[in-house]
Amino acid sequence: MNAAAWPVIGMPASVELGLWGAWEEVADLLPHTYSVAVQRAGGLALILPPDPRATAEPDRLLDVLDGLLLAGGCDIDPASYGALPHPETKGTQPPRDAFEVALARRAFERDMPVLGVCRGMQLLNVAAGGTLHQHLHDVVGHDEHRHTPGSYADHDVRLRDGSLAARVVGAPSTSVKSHHHQAPDRLGDGIVATGWDVKDGSVEAVELPDRSFAVGVLWHPE
């Protein structure tokens, strides 16, 4: 990349029914806050609809990107990590899962910068061969990570000293906003946990320390 150019950050999109004006159409959708965050950081935000060709040949797409942002959204299909669905696992999009897993795995191999946010953090772990707790309430006994539909929950996270997450945040702990009911269970190959919920100990941040920048956070920094 030319040093004077804007870094191009690819953001895989969800496919959802969108409503605007007089229209009701299936749309490639991401919250605008992701694009704004990338732009404020000096990057060019590029929304990526699921593409079976890029799923099969991810390098064709990654060649035009400088980084990958795996955003929040729906539950990941448990078939992606060899599990049967929990009754609370809903709204999955297997084509999006396959697309993002393919991009993430190849990005790891290329040592391309990858940031996973909420669902994207879970996807990062799945792409590395890990699994998920499909309904966190069954593990921690409460729903405080998504206590109000359509609203973020506030809680505190402890970060591992010296971790990339701690260096980015600039502190050993932070207050975060989240809305999730799933979390990493078995960590994938090379994945380490670097952040935990202060109250219940559930994993809130993960990294691949042998890569220059591959980190996932279960909260919404955007």
Side-chain angles (χ1 to χ4, degrees), residues 7-16 28-39 41 43-52 54-55 58-59 61-78 80-81 91-132 164-165 168 176-185 187-195 203-209 211-222:
V8 180
I9 308 302
M11 306 185 303
S14 181
V15 179
E16 307 283 355
D28 299 316
L29 183 66
L30 277 181
H32 185 54
T33 48
Y34 291 106
S35 299
V36 170
V38 169
Q39 292 162 358
L44 179 65
L46 186 63
I47 294 178
L48 309 174
D51 189 326
T55 301
D59 281 316
L61 181 51
L62 294 177
D63 283 346
V64 303
L65 303 177
D66 298 296
L68 189 63
L69 194 164
L70 304 173
C74 62
D75 291 342
I76 296 170
D77 183 2
S80 300
Y81 47 94
T92 61
Q93 296 183 7
R96 180 185 180 187
D97 299 336
F99 179 58
E100 294 190 358
V101 165
L103 293 180
R105 286 176 175 167
R106 188 64 185 120
F108 296 159
E109 294 169 355
R110 294 167 60 127
D111 200 16
M112 174 180 285
V114 180
L115 171 63
V117 173
C118 195
R119 176 194 191 277
M121 179 267 226
Q122 299 165 18
L123 192 287
L124 189 153
N125 187 53
V126 170
T131 64
L132 302 178
L164 180 56
V168 170
V176 303
K177 294 185 178 296
S178 68
H179 188 85
H180 63 267
H181 78 112
Q182 300 190 335
D185 181 7
L187 297 180
D189 295 339
I191 297 277
V192 298
T194 56
V203 175
E204 288 273 340
V206 297
E207 300 174 19
L208 278 83
R211 296 293 183 265
S212 57
F213 190 98
V215 59
V217 296
L218 204 48
W219 65 87
H220 284 266
E222 78 281 4

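The shown structure was predicted, so the numbers you read here are calculated from the model rather than taken from an experiment.
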Can you check whether [Y]'s main-chain N or O pairs, donor with acceptor, with [X]'s side chain at less than 3.5 Å?
X: D66; Y: V8; answer: yes
X: D111; Y: S212; answer: yes
X: Q93; Y: V15; answer: yes
X: N125; Y: G188; answer: yes
X: Y34; Y: I47; answer: no

Distance in Å, [X] [atom1] paired with [Y] [atom2], rounded so as to fall on 0.5 Å steps:
X: L46; Y: L69; atom1: CG; atom2: CG; answer: 12.0 Å
X: L124; Y: E207; atom1: CG; atom2: CD; answer: 10.0 Å
X: L65; Y: M11; atom1: CG; atom2: CE; answer: 11.0 Å
X: L29; Y: E16; atom1: CG; atom2: CD; answer: 6.0 Å
X: Q182; Y: I76; atom1: CD; atom2: CD1; answer: 7.0 Å
X: L68; Y: L70; atom1: CG; atom2: CG; answer: 4.5 Å

Between [X] and [Y], which heavy-atom pair has the shortest distance, and what is it?
X: P12; Y: F99; value: CB-CE2, 4.0 Å
X: V203; Y: L218; value: O-CD2, 3.5 Å
X: A71; Y: R96; value: O-NH2, 3.7 Å
X: D77; Y: P94; value: OD2-CG, 3.5 Å
X: G72; Y: C118; value: CA-CB, 4.3 Å
X: L132; Y: Q122; value: CD2-CB, 3.7 Å

> With a 4.0 Å cut-off, would you call D97 and R119 a salt bridge?
Replying inline: yes
>> Using the salt bridge (charged side-chain N to carboxylate O under 4.0 Å, His left out) criterion, which residues pair with E204? Sequence neighbours excluded.
In response: none
> V206 and V215: side chain to side chain contact (heavy atoms under 4.5 Å, CB included), yes or no, with the steps?
Replying inline: CA-CA 6 Å; V206 297; V215 59; over 6 Å; no
Which pairs would a plain distance check flag for residues 103-110, meaning a side-chain donor or acceptor within less than 3.5 Å of a matching protein atom at least two apart in sequence or in another chain?
residue, atom, partner, partner atom, Å
R105, NE, A127, O, 2.8
R106, NE, D59, OD1, 2.9
R106, NE, D59, OD2, 2.9
R106, NH1, E109, OE1, 2.9
R106, NH2, D59, OD2, 3.4
R110, NH1, D59, OD1, 2.6
R110, NH1, D63, OD1, 2.9
R110, NH2, D63, OD1, 3.1

>> side-chain hydrogen bond (donor to acceptor under 3.5 Å, both in side chains), that's the test. Do E222 and H220 meet it? Break it down for me.
In response: CA-CA 5 Å; E222 78 281 4; H220 284 266; 2.7 Å; yes
